Amino acid sequence: MKLFVLNGPNLNLLGIREPDIYGRQTFADLEAFIREVCARENIEVECFQSNHEGVLVDVIQSALGKADGIVINPAAYTHTSVAILDALKAVALPAVEVHLSDINERETFRHISYPAMACIAQIKGKGFAGYEEAILLLKEYVQGHRA
Ligand code: CA2
């Protein structure tokens, strides 16, 4: 089983600014955590980060035929991107949306998520552990839907 894990704009700055919201661990720590969880679970993983909406769309499209599922933190594009929603719908792979912070406890403009409309679940406010939960959820989902 193989997963794509995508992180959107500014998440590469993790640990550098706004530690009160996003914590003190860095983006490299996050990717190392994701790789450790996947190794433990016998899951192949490819991690991507981009600050560009179109690149995220390209990566989602490229998952077709390569990955069994997608974990995505679209970051600010969560609240604006119909293009990411459409890409997730187009590939029709099981996807889980993750947010480090609880977007429903923040500004009202963060309460809406377009990509979540194409996801089997949205996990928010659990920090790095939210990515682990998403990976485990996709593993169970993919295994349960194998022919
Ligand atoms: O809570 C999340 O994971 C978010 O997806 C993070 C996004 C935000 O726009 C979403 O509403 C919720 C922002 C990511 C920016 O990350 C930074 C990390 C460190 C310093 C500055 C920004």
Side-chain angles (χ1 to χ4, degrees), residues 1-14 21-23 25-147:
M1 174 180 164
K2 180 163 179 174
L3 296 180
F4 273 19
V5 179
L6 278 67
N7 282 295
N10 298 308
L11 285 163
N12 54 312
L13 298 178
L14 272 183
I21 303 175
Y22 300 115
Q25 287 179 291
T26 65
F27 184 70
D29 293 334
L30 175 60
E31 286 205 335
F33 175 77
I34 290 164
R35 289 182 202 286
E36 263 171 44
V37 170
C38 287
R40 186 193 75 206
E41 297 296 326
N42 274 317
I43 296 171
E44 255 189 274
V45 67
E46 274 193 61
C47 296
F48 303 89
Q49 189 277 330
S50 179
N51 294 326
H52 304 279
E53 185 177 21
V55 174
L56 293 166
V57 168
D58 287 342
V59 172
I60 293 166
Q61 288 186 10
S62 77
L64 200 55
K66 283 196 207 140
D68 300 293
I70 298 173
V71 174
I72 182 164
N73 183 345
Y77 290 135
T78 305
H79 319 300
T80 61
S81 184
V82 177
I84 291 176
L85 167 63
D86 285 347
L88 289 170
K89 279 187 171 176
V91 297
L93 288 166
V96 175
E97 184 178 293
V98 177
H99 296 285
L100 294 161
S101 63
D102 186 345
I103 54 176
N104 287 103
E105 296 294 323
R106 300 182 63 189
E107 304 96 319
T108 44
F109 68 83
R110 294 187 201 272
H111 296 185
I112 175 85
S113 168
Y114 291 100
M117 297 175 203
C119 291
I120 60 169
Q122 183 194 61
I123 297 164
K124 51 189 186 283
K126 297 185 174 175
F128 284 16
Y131 287 80
E132 179 171 18
E133 201 173 313
I135 290 161
L136 296 177
L137 212 150
L138 276 172
K139 184 181 180 186
E140 202 175 294
Y141 184 93
V142 169
Q143 288 177 344
H145 285 78
R146 277 211 169 118

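Quick caveat, the model's predicted, so the values are computed rather than measured. For reference, positions follow the sequence shown, starting with 1.
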**Request:** With rounding to the nearest 0.5 Å, note down the distance linking CG in Asn104 to NE2 in His99.
**Result:** 9.0 Å
**Request:** Any chance you could measure Leu88, atom CG, to Asp86, atom CG, to the nearest 0.5 Å?
**Result:** 9.0 Å
**From CA spacing to verdict: side-chain contact (heavy atoms from CB on, under 4.5 Å), Ile103, Gln122** = CA-CA 11 Å; Ile103 54 176; Gln122 183 194 61; 3.5 Å; yes
**Message:** If you define the side chain from C-beta out and look only at heavy atoms, does anything of Asp29 sit under 4.5 Å from Leu14?
**Reply:** no
**Heavy-atom donor-acceptor pair, His79 side chain to Ile112 backbone, under 3.5 Å** = yes
**Message:** Could you check whether Thr78 and Glu97, counting side-chain N and O atoms only, form a donor-acceptor pair closer than 3.5 Å?
**Reply:** no
**Point-to-point distance, once rounded to the nearest 0.5 Å, from CD of Glu140 to CD1 of Ile120** = 9.5 Å
**Prompt:** Looking at Ala95 and Ala118, what are the two nearest heavy atoms and their distance?
**Reply:** CB-O, 4.4 Å
**Request:** Would you indicate whether the side-chain heavy atoms of Leu30 and Thr26 approach each other to under 4.5 Å?
**Result:** no
**Request:** Rounded to the nearest 0.5 Å, what's the gap from OH on Tyr141 to CZ on Arg146? Could you check?
**Result:** 13.0 Å
**Fill in**
With sequence neighbours left out, the residues meeting salt bridge (Lys or Arg N to Asp or Glu O under 4.0 Å) with Glu133 are Lys126
**Request:** For Ile60 and Ile72, run side-chain contact (heavy atoms from CB on, under 4.5 Å): C-alpha distance rounded to whole Å, both residues' side-chain angles, the deciding distance at 0.1 Å, then the answer.
**Result:** CA-CA 9 Å; Ile60 293 166; Ile72 182 164; 4.1 Å; yes
**Over all atoms of both residues, closest heavy-atom pair of Pro94 and Val142** = CG-CG2, 4.1 Å
**Side-chain touch Leu11/Leu100, heavy atoms, less than 4.5 angstrom** = yes
**Message:** Run the salt bridge (charged side-chain N to carboxylate O under 4.0 Å, His left out) test on Glu132 and Arg40 for me, step by step, so that the C-alpha distance in whole Å, both residues' side-chain angles and the decisive distance to 0.1 Å come before the verdict.
**Reply:** CA-CA 11 Å; Glu132 179 171 18; Arg40 186 193 75 206; 3.0 Å; yes
**Prompt:** Does the side chain of Val96 reach to within under 4.5 Å of the side chain of Cys119, using non-hydrogen atoms?
**Reply:** no
**Prompt:** Leu56 versus Tyr77: any side-chain heavy-atom pair under 4.5 Å?
**Reply:** yes
**Prompt:** Do the non-hydrogen side-chain atoms of Leu93 and Asp68 ever get within less than 4.5 Å of each other?
**Reply:** no
**Message:** With no hydrogens and no angle check, just 3.5 Å: does a side-chain donor-acceptor pair link Asn73 and Tyr131?
**Reply:** yes
**Request:** List the steps, then state whether side-chain contact (heavy atoms from CB on, under 4.5 Å) holds for Ser101 with Lys124.
**Result:** CA-CA 6 Å; Ser101 63; Lys124 51 189 186 283; over 6 Å; no
**Prompt:** Can you tell if the side chain of Asn7 reaches within under 4.5 Å of the side chain of Val5, non-hydrogen atoms only?
**Reply:** yes
**Asked** Going by distance alone, is a donor N or O of one side chain under 3.5 Å from an acceptor N or O of the other, for Gln49 and Asn51?
**Response** yes
**Asked** Taking only residues two or more places apart in sequence, or in another chain, which ones meet Lys89 in a side chain to side chain donor-acceptor pair (under 3.5 Å)?
**Response** none
**Asked** Step by step, would you call Ile43 with Leu138 a side-chain contact (heavy atoms from CB on, under 4.5 Å)?
**Response** CA-CA 10 Å; Ile43 296 171; Leu138 276 172; over 6 Å; no
**Request:** Answer whether the closest heavy-atom distance between the side chains of Glu44 and Cys38 falls below 4.5 Å.
**Result:** no
**Distance-minimising heavy-atom pair for Lys66 and Lys2** = O-CD, 3.4 Å
**Message:** For a quick test of reading the model, state the closest non-hydrogen atom pair linking Ala76 to Pro9 and the distance between them.
**Reply:** N-CG, 4.3 Å
**Message:** Under the ring pair (Phe, Tyr, Trp, His ring centres under 6.0 Å) definition, can you give me all pairs with a residue in residues 25-65, not counting sequence neighbours?
**Reply:** Phe4-Phe48, Phe33-Phe128
